[in-house]
Amino acid sequence: MGAHGHKHAENHWWYQTLKRPGSGVSCCSDIDCGVTRARYVEGHWEALFEGRWMSIPADRILTERSPDGVAHICAAKNAKEPFCFVPPDPEG
């Protein structure tokens, strides 16, 4: 992801609607959400962030579907965990 994440601009409107599970706080701080590659490994999600695979805690996974059907992540630079993660559509 770049400074604003891959495809951030075209999805910014949607990122602003996402809320961190259990807090109601926005997932998006205007610089940290974007499209990501994701994989389901041994019962949990992982997402590619800043060139490394990040394990996604279950309480950070959102049930919303993305507008484009692919995975999205909201995380701060050098984060160990994301603020929010939207898995890819199962059909995609």
If every non-hydrogen atom of [X] is compared with every non-hydrogen atom of [Y], which pair is closest and at what distance?
{"X": "D89", "Y": "S66", "result": "OD1-N, 4.5 Å"}
{"X": "V35", "Y": "H72", "result": "CG2-CE1, 3.4 Å"}
{"X": "Q16", "Y": "S26", "result": "O-OG, 4.1 Å"}

Nearest 0.5 Å please: distance from the [atom1] atom of [X] over to the [atom2] atom of [Y].
{"X": "L62", "Y": "F83", "atom1": "CG", "atom2": "CZ", "answer": "13.0 Å"}
{"X": "E64", "Y": "L18", "atom1": "CD", "atom2": "CG", "answer": "5.5 Å"}
{"X": "R37", "Y": "I73", "atom1": "CZ", "atom2": "CD1", "answer": "13.0 Å"}
{"X": "K77", "Y": "F49", "atom1": "NZ", "atom2": "CZ", "answer": "8.0 Å"}
{"X": "C27", "Y": "F85", "atom1": "SG", "atom2": "CZ", "answer": "12.0 Å"}

Answer yes or no: is there a side-chain heavy-atom contact under 4.5 Å between [X] and [Y]?
{"X": "W45", "Y": "P88", "value": "yes"}
{"X": "V25", "Y": "K19", "value": "no"}
{"X": "E50", "Y": "N78", "value": "yes"}

For R39, the side chain to side chain donor-acceptor pair (under 3.5 Å) test, sequence neighbours excluded, returns E46
Hey, is C84 close enough to C33 that the SGs sit under 2.5 Å?
no
For the hydrophobic clusters of this structure (ILVMFWY residues joined by side-chain heavy atoms under 4.5 Å, transitively), does one cluster hold both W53 and V41?
no
Listed by chain and number, what are the side chain to side chain contact (heavy atoms under 4.5 Å, CB included) partners of T17, not counting sequence neighbours?
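For T17, the residues satisfying side chain to side chain contact (heavy atoms under 4.5 Å, CB included) (neighbours in sequence not counted) are W14.
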Partner set under side chain to side chain contact (heavy atoms under 4.5 Å, CB included) for P57, not counting sequence neighbours:
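Residues passing side chain to side chain contact (heavy atoms under 4.5 Å, CB included) with P57: D59, R60, E81, P82.
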Stepwise, does the side chain to side chain contact (heavy atoms under 4.5 Å, CB included) test hold for V86 with T63?
CA-CA 7 Å; V86 178; T63 57; over 6 Å; no
